[in-house]
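To start, the structure itself, in structure tokens.
Numbers restart at 1 for each chain; the letters A, B, ... are given by sequence-line order, proteins then strands.
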Amino acid sequence: MTQERLLEVKDLKVHFNTPDGIVRAVDGVSFKLDRGETLGIVGESGSGKSVTCLTSLRLTNLESADVSGEVIFKGRDLLKITKEELRQVRGKELSMIFQDPFACLHPLYKVGDQIAEAIFAHEDCSKQAAKKRVVDLLGAVGIPRPDSRYNDYPHQFSGGMRQRAMIAMALVHNPDVLIADEPTTALDVTVQAQILDLIERLKTDFNVGVILITHDLGVVADVAQTVMVMYAGRPVEIGTKDRVFSQPLHPYTWGLLESIPHVDQKGTRLVPIQGMPPSLIRVPPGCPFHPRCPHRFEPCDKDVPELYDRGGGHPDACHLSIEDKKRLWNERERRRRKVAS
Amino acid sequence: MSQAIEDFGLPVQGPISGQDTEQVEGRTPRQLFWLRFRQDKVAFVGLAVILLLTLTAIFAPVIADKVAHRGPNDQTLAREMTDEFGLPKGPNETYIFGADKAGRDLFVRVIYGARTSLLVAIVATGISVVIGVTLGMIAGFIGGKIDTIISRLIDVILSLPLLLFAIGIAAACSTSKEGCLGGRIKPGLGLVVFIIAAFSWPYIARIVRGNTLSIREKEFIEASRSLGARNSRIMFREVLPNLVAPIIIYATLIIPNNIIFEAALSFLGLGVPQKTPSWGRMLSDASRLLEVAPWMMIFPALFLVLTTLAFNLLGDGLRDALDPRAGR
Amino acid sequence: MGRYIARRLLYLMMVVLIITLATFLIFYVMPPGDPAVAFAGKTPTPEVIEQVKIQFGLDKPIHVQYLTFVRNIFLGDEYGWPGLGFSFDTRSPVKEELFTRAAVTMQLGFGAAVLWLLVGISVGIVSALRRRTMVDRAAMGFALFGVSAPVFAVGLFALFVFWQQLDWSPGTGYVPIREDPGEWLAHMILPWAVLALQYAAFYARMVRGNLLETLGEDYIRTARAKGLSERKVIGKHGLRSSLTPVVTIFGLDFSLLLGGAVLTESVFNIPGLGQLVISAVNRSDIPVVLAVTVVAALFVTFMSLVVDVIYGFLDPRVRLS
Amino acid sequence: MSQIAPTEPASSGPGRRDGALIEVRNLSKHFPVTEGIIFRKEVARVQAVADVSFTLMPGETLGLVGESGCGKSTTARLITKLLPASSGQIFFEGRDITKLSRRDMLPLRREIQMIFQDPYSSVNPKQTVGQIIGAPFDIHKIPGDQKKQVRELMDRVGLNPEHYNRYPHEFSGGQRQRIGVARALALRPKVIICDEPVSALDVSIQAQILNLLEDLQDEFKLTYLFISHDLGVVRHISDRIAVMYLGHVVEVAQADELYEDPKHPYTAALLSAVPKAYSDTDARERVVLTGDVPSPMDPPSGCPFHPRCPKARIVAGSKDKVPDNCRDVMPPLGEVASNHYAACWYPVDVGEKLHRAAHA
């Protein structure tokens with residue numbers, strides 16, 4: 001696998017001005033994406049994972065937002081380039097698919113034409129040639145009878161097929177990066193498996209970098225190589241999938257892992273995270289997770305922990321020393337296994 | 001604000017603490033409404049104008065008697081206010097709005113006109129709200145054949161050329177003193193109110209039906225049903241409170257329509273009786289003397305537009321405050 | 001689609017029946033006294049009234065009268081199709097008078113409709129795209145005034161300003177286009193503008209609201225994400241969704257204009273259907289009022305069918321479900 | 001590859017046990033699809049629930065799992081009589097309640113309660129928490145200090161009783177779900193039907209509610225019918241599990257047995273499709289089904305799963321063929337192992353691998 005840096009987000013902040021106050025939707029996010037890599041971004045609702053990616057392509061409503069930081073895509077800062085340059089990037093080099101395939105296709109145009117439109121947006125091409133390419137793509141993403149399906153309207157497609165159509169639309173120009181924002185949340189689990197399979201296959205076939213945003217740790221564990229966990233607009237840890245799942249470093253990640261009921265094993269009592277996610281208008285001072293954290297100590301409510309590698313093998317944002325973390329996590333693991341057995 | 005912001009769970013406000021069970025700082029719906037409405041200065045102006053007009057209308061006799069020293073049909077000073085050709089004179093210090101062609105004080109008549117306009121519009125709106133809410137709620141809640149019948153009735157009435165029908169009814173019922181339908185509907189204010197109410201309830205009914213349909217699908221209705229609540233309880237305790245906001249908004253918004261409706265009928269000579277001062281009729285009188293007595297047109301027109309504008313401003317403001325997702 | 005139209009047609013037939021019934025009840029059953037008396041002249045003798053009754057079938061039971069009335073509309077009467085009756089006042093068939101007048105009202109309506117669509121839609125679009133700017137605020141302020149101002153008040157005011165004061169307008173009245181196209185136009189501009197104002201204001205508000213709502217939809221984000229230019233995003237994806245519902249509203253508004261033109265015609269003294277009705281009402285010429293109302297209602301139902309069919313073509317969800 | 005003959009006909013399969021709290025026998029529900037503007041005529045029907053039988057034993061949690069549109073929520077609404085059944089019977093403590101009128105049903109409403117999915121739509125935004133939780137007392141005209149009882153309930157489900165007079169919008173999703181739980185608990189029911197009670201919640205909040213439900217079950221000896229599409233949640237909370245597909249119950253078994261040894265190919269595919277955060281083995285053996293769930297308006301003939309079934313293709317030995325009986329005859333829900341029922345002509349053998357078998 002070639003190590004080609006495709007995307008680098010540096011200290012991205014997105015603050016929305018609302019009548020109720022400033023919403024710190026994204027508050028200092030940095031990550032990198034290489035070609036052929038799948039980065040999974042996990043977090044609960046309101047953790048800022050979607051806004052991070054939408055803002056990268058300037059797709060959020062930025063009228064009333066303060067955005068700072070950099071989004072370097074193949075050497076250019078997407079937040080600084082002109083609208084026309086940005087348009088050239090969108091859908092050609094960097095494509096996006098969204099959560100709700102029911103709402104993401106225009107209800108009044110044919111599915112095929114909407115995909116063809118993505119072709120015409122970036123190259124001159126005869127109608128017939130475009131149509132042929134669309135039909136081929138629809139076939140490639142697994143839509144049966146693609147030539148007659150070309151003329152269907154979105155409401156004639158099932159949820160899974162619409163998401164396939166969206167993926168086909170994202171792939172017309174062989175992009176370098178595919179951002180998938182909760183692509184399977186609205187779908188049933190058997191259809192989800194189909195779509196995840198498809199994304200996986202496309203990643204290898206087209207050698208793209210994929211960012212997969214989800215709230216489902218299982219989905220991330222399934223397809224990602226790198227995992228970034230977000231909480232209250234900030235990343236709390238970034239690492240390879242194996243490290244984050246086997247040696248998680250942040251108490252929030254621990255809480256998440258312990259909250260999920262397992263398909264594979266029965267009977268353990270769940271350990272929920274106490275409390276609820278904070279309002280992004282009034283993020284707690286210090287570490288935003290400290291009010292819910294069972295391991296909080298002196299500096300937590302004052303100093304914001306920076307995200308860096310404290311020796312655990314991957315960066316995290318927590319004041320605990322690496323020894324304490326290992327000890328605490330192992331204790332929690334032991335307790336959990338004891339209850340289980 | 002765009003979709004993105006809603007995803008942050010904004011409704012959850014307040015300092016967080018260790019427990020999900022801790023309180024969230026919050027305000028009652030009424031407080032929220034007031035908070036938003038207070039910031040809407042334009043709507044406030046509308047409200048102020050309406051209050052002023054209402055007071056003027058209520059105290060019209062007092063103002064006419066004590067301030068202007070004249071009644072609405074008082075022609076004793078006719079000679080003073082008509083010239084040698086019998087044409088009315090324009091505004092002066094005593095007669096601030098001038099006089100009409102019979103030499104009556106236009107200011108006093110305009111004030112009394114506010115009375116007629118507001119009375120007819122508010123009573124007619126009240127009746128149409130009662131009918132509209134009842135039928136709309138029944139149609140939306142019970143559904144089935146009853147819904148089909150009521151909905152079709154609404155469709156048909158809304159697709160009638162209603163001014164023509166109104167003219168027809170007004171004409172049919174005004175041919176003689178005994179009214180129509182065997183004397184049940186007498187010409188006069190009552191007839192005008194009846195006609196307006198008959199044609200404006202479908203607007204309310206349609207809105208109420210639509211809202212009821214969407215409320216009916218909510219799980220709290222099922223919850224109530226699964227507890228064994230009867231339909232009457234569900235309608236009055238669960239559905240109706242959720243209809244209050246749309247009813248207030250749309251009632252406010254059809255009042256100006258009804259004011260215009262009354263004025264239109266009177267303008268065509270089919271509205272309120274001759275003697276009753278009405279802006280519509282004043283405009284009709286003015287149209288024949290536009291060249292010589294423009295004030296006869298300007299003042300009633302001004303009051304008419306001001307009134308409807310004020311109600312529309314208020315209605316828009318209420319909609320923004322009660323239902324921030326709609327519009328804007 | 002065929003089935004859809006067939007079903008709509010069936011429904012429309014029912015509506016027409018209901019409308020004729022309502023009209024008939026209003027004019028023949030609601031008023032006290034005898035319609036024949038009105039027709040028989042100033043000092044009717046019982047013999048004359050009796051004669052009139054027989055002549056117009058007024059002696060028959062009311063339901064027979066109704067059925068005759070409906071049959072005449074659909075099948076025609078002794079004066080041809082459609083049978084709209086005989087005027088008490090002019091003592092001639094209503095039909096010819098009605099169609100002459102309708103042509104005038106149509107001229108008024110078409111001109112106004114073109115004007116309000118152009119103005120309303122473009123103001124709405126501009127307002128939505130320049131949201132929260134001075135342009136938007138000014139446009140919406142004016143629109144609010146427009147929806148609040150009754151057409152007769154605006155009409156009189158316009159006459160006062162443009163005719164009396166500025167002398168730009170030739171004033172009230174109507175000149176047939178065949179006599180003098182220039183004069184025709186000069187006489188129509190003010191009525192068009194006045195009639196269009198309220199609708200233009202309403203359409204501007206509606207289009208603005210629709211477009212803003214559409215621009216918040218997920219598929220607009222998709223359109224941007226695939227690299228379409230902003231012009232295409234709004235022009236193709238945004239406008240298509242926000243203008244499609246306007247078709248329905250326009251169809252209904254335009255068809256109801258026949259009723260609404262009464263006031264404009266009255267202010268500007270234009271000899272259209274509205275004036276015909278008002279004069280008929282004043283002379284208790286019931287058959288004329290009845291005929292105009294029924295024709296207006298039929299026009300509405302016909303237009304709603306046209307709108308439904310057009311809408312079916314514009315929205316595949318309706319067509320293909 | 002032996003064909004296991006069902007031992008018993010469907011109606012007496014898993015649906016008949018002595019001492020059952022709730023027994024559902026051959027329950028069906030179809031919704032007419034009507035057309036017409038004035039006179040509506042039925043042009044099609046959606047078979048939402050088809051010939052479903054199962055029992056709910058006192059004190060147990062029966063999980064009802066399936067994908068969207070499989071009829072699990074409709075089943076819940078049939079049992080709570082929010083919808084009338086098209087055919088079949090529902091017994092509560094041995095008594096047929098299928099045809100009871102609202103009045104006769106009223107006393108039984110105290111015994112069967114429901115918790116709903118959407119914390120935002122399941123509480124009336126115009127009522128205070130006190131009114132919402134107090135509604136059961138009003139409706140059943142229960143004497144006593146209602147305010148005190150409501151406050152006790154609020155305390156029990158983890159809400160601050162001080163918030164008696166607050167409106168729902170002042171609460172978070174998890175707290176609102178607690179309001180719904182308190183309302184369901186108010187009349188001290190024997191059974192609570194939980195319709196996707198945690199699906200709308202974030203994982204950390206979801207765990208709080210699941211723990212609460214478990215605690216309440218112990219304390220009040222509750223029986224749950226727990227409906228969810230989340231297989232992890234269902235396994236966590238259920239003693240027995242019924243799997244639904246296109247209106248049919250296709251498999252019923254003890255939770256552990258079902259997860260470790262699924263007999264119906266659909267269950268096997270469903271389980272393998274769940275992405276697992278904790279998966280120790282990296283070897284993915286996912287059975288990726290082709291196609292979507294068919295429309296319940298036009299369900300396939302025979303076994304509803306046959307168009308997507310990998311096992312049927314293994315049996316037929318071809319990618320494009322299925323055995324005739326799969327295509328033509330709906331298999332009854334038969335006992336394929338002790339207390340393990342599956343509606344399949346060719347149940348999955350122990351340890352049999354289905355993944356990609358048919359697609360290879």
Residue pair [X] / [Y]: nearest heavy atoms and the distance that separates them:
X: B:L164; Y: C:T293; answer: CD1-CA, 4.3 Å
X: B:L283; Y: C:A153; answer: CD1-CB, 4.1 Å
X: B:T308; Y: C:S148; answer: OG1-O, 2.6 Å

Go through the atoms of C:V151 and report whether side chain, backbone, both or neither lie under 4.5 Å from a heavy atom of chain B. neither
Under 4.5 Å from a heavy atom of chain C, the part of B:L158 involved: backbone
Of the listed residues (C:L273, C:I18, C:L156, C:V300), which shares the most heavy-atom pairs with chain B below a 4.5 Å separation? C:L156
Could you tell me which of C:V289, C:V277, C:L144 has the largest number of non-hydrogen atom pairs under 4.5 Å with chain B? C:L144
Counting neighbours of CD1 on B:I146 that are heavy atoms of other residues, nucleotides or ligands and sit closer than 6.0 Å, is the number greater than 12? no
Counting only heavy atoms not in C:F157, do more than 12 sit closer than 6.0 Å to its CZ atom? no
Pair count under 4.5 Å, heavy atoms only, with chain C: among B:P256, B:A310, B:A263, highest is B:A263
Approximate separation, where rounding is to 0.5 Å, of B:I260 CD1 and C:L263 CG: 10.0 Å
Do the side chains of C:F152 and B:L304 get nearer than 4.5 Å, heavy atoms only? yes
Within-4.5 Å side-chain heavy-atom neighbours: B:D316 and C:R205: yes
